[in-house]
Number of protein chains: 2
Amino acid sequence: MAVSDVVSSVTGPTGKYDTGEQMCPHRMVLEHVTSRWGVLVLIELLERPYRFSELRRAIGRVSEKMLTQTLQTLERDGLIHRDAKPVIPPRVDYSLTDLGREAAQQVRGLALWTEERMAEVLKAREVYDARRSTS
Amino acid sequence: MAVSDVVSSVTGPTGKYDTGEQMCPHRMVLEHVTSRWGVLVLIELLERPYRFSELRRAIGRVSEKMLTQTLQTLERDGLIHRDAKPVIPPRVDYSLTDLGREAAQQVRGLALWTEERMAEVLKAREVYDARRSTS
DNA sequence: CAGCATCCTTTAAGATACTG
DNA sequence: CAGTATCTTAAAGGATGCTG
């Protein structure tokens with residue numbers, strides 16, 4: 001019942017800051033943490049704090065634009081903390097807040113699950129594809 | 001370490017059947033279950049089996065195209081079971097497999113978390129926005 | 001280094017019409 | 001009813017150049 005609320009709510013994509021969207025906030029946060037880069041950022045930061053470009057390298061194949069956007073969204077949601085040191089050259093450290101750590105743990109749970117069950121998924125795909133090609 | 005593998009892998013979106021993608025399969029499954037409609041389908045099916053259009057109504061605002069695509073992807077991954085009865089008019093029931101139930105529970109955990117912590121997220125956003133507008 | 005602004009391409013998603 | 005096929009739109013994502 002409580003969960004199905006999220007299900008029957010209004011759609012809407014994840015734009016920058018998600019302003020002007022018609023979507024229940026609950027589901028909006030869910031989209032933020034399950035977004036492609038959001039997932040990876042949260043999991044990575046669960047390990048330790050990261051600097052911007054350090055995080056970028058760690059994730060790999062993420063454009064700076066998308067990483068910036070993702071970090072801003074998660075920061076606004078209170079999930080990560082941005083610590084910009086007033087030095088030259090600039091140094092910005094990102095870390096999880098307490099709230100963010102909770103979210104990240106949930107996300108990691110999901111990631112660990114996919115890892116554990118990967119073999120079964122691959123098996124299922126083979127079966128599915130075999131059925132398709134022979135019928 | 002195990003989880004960070006997923007983090008440093010290759011990117012790639014979720015196309016139909018995800019053929020020809022250069023992405024570690026592990027992360028691919030993760031994207032399937034965390035996809036916008038994938039999340040909602042899994043959570044909804046955790047409740048009970050659904051027929052196609054019944055599921056569409058339950059989720060709301062999902063086009064039949066996207067629902068079809070999502071269901072096919074999840075079926076191929078072995079997470080949901082499709083039971084097409086040979087009757088006229090057609091009747092197709094979708095349900096979770098054992099594997100899918102595990103995934104769905106993880107996803108529901110995340111959804112429940114966002115629900116519980118919604119107030120804190122909204123609070124954080126206010127603070128963030130206030131800082132931005134006054135600085 | 002850590003971004004922001006702009007332009008451009010690729011994908012996801014929606015609308016519509018049609019079929020077994 | 002439960003889709004498929006096709007077309008169009010909207011959004012995500014990437015490349016480049018610039019700034020404190």
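In what follows, chains carry the letters A, B, and so on, assigned in the order in which the sequence lines appear, proteins first and then strands, with residues in each chain numbered from 1.
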Residue closer to the 5' end of DNA chain D, B:Thr68 versus B:Pro90 (nearest nucleotide): B:Pro90

Give the C-alpha distance, both sets of side-chain angles, the deciding distance and a yes or no for side chain to side chain donor-acceptor pair (under 3.5 Å) between A:His81 and A:Thr97. CA-CA 6 Å; A:His81 176 247; A:Thr97 61; over 6 Å; no

Electrostatic pair A:Asp129-B:Arg76, nearest N-O below 4.0 angstrom: yes

Taking atom C1' of D:dA10 as reference, at what distance in whole Å does atom CZ of B:Arg61 sit? 16 Å

OP1 or OP2 of D:dC1 versus the side-chain N and O atoms of B:Tyr94: is any pair under 4.0 Å? no

Hey, is the side chain of B:Arg56 poking within less than 4.0 Å of OP1 or OP2 on D:dC1, counting only N and O atoms? no

To the nearest angstrom, how far is A:Leu55 atom CG from C:dA2 atom C1'? 12 Å

Does a side-chain N or O of B:Gln72 approach OP1 or OP2 of D:dT4 to a distance below 4.0 Å, or not? yes

Output yes when at least one side-chain N/O atom of A:Ser53 is less than 4.0 Å from OP1 or OP2 of C:dA2, else no. yes

Does any donor atom in the side chain of A:His32 or A:Thr73 lie under 3.5 Å from an acceptor atom in the other side chain? no

Closest to the 5' end of DNA chain C, once A:Lys65 and A:Leu71 are matched to their nearest nucleotides, is A:Leu71

Using the side-chain heavy atoms of B:Val92, tell me which of these nucleotides is nearest: D:dT16, C:dT6, D:dA2. D:dA2

Taking CD from A:Gln69 and P from C:dA2, how many angstroms apart are they, rounded to a whole number? 19 Å

Between C1' of D:dA11 and CD of A:Glu31, the distance in whole Å: 12 Å

Remember a base hit wins even if backbone is also touched, and classify A:Pro89 as base, sugar-phosphate or nothing at under 4.0 Å, heavy atoms. sugar-phosphate

Considering just the side-chain nitrogens and oxygens of A:Tyr50, establish if one lies under 4.0 Å of OP1 or OP2 belonging to C:dA2. no

Nearest-Å distance, CH2 (B:Trp37) to P (D:dA11)? 13 Å

Report the distance from atom CE of A:Met66 to atom P of D:dT16, rounded to the nearest whole Å. 18 Å

Under 3.5 Å donor-acceptor, B:Arg91 side chain and B:Arg51 backbone: no

Any non-hydrogen side-chain atom of B:Val29 less than 4.5 Å from a side-chain atom of A:Arg125? yes

Checking D:dG14, D:dT16, C:dA13 against the side chain of A:Ser63 (C-beta onward), the nearest is D:dG14

In whole angstroms, the gap separating P of C:dG3 from CG of A:Asp83 amounts to 11 Å

To the nearest angstrom, how far is A:Lys85 atom NZ from C:dG3 atom C1'? 17 Å

So, OP1 or OP2 of C:dA2: does either fall under 4.0 Å of a side-chain N or O from A:Arg91? no

So, OP1 or OP2 of C:dG3: does either fall under 4.0 Å of a side-chain N or O from A:Arg82? yes

Does any N or O in the side chain of A:Ser63 come within less than 3.5 Å of the main-chain N or O of A:Met66, such that one atom is a donor and the other an acceptor? yes

Does a side-chain N or O of A:Arg36 approach OP1 or OP2 of D:dA12 to a distance below 4.0 Å, or not? no

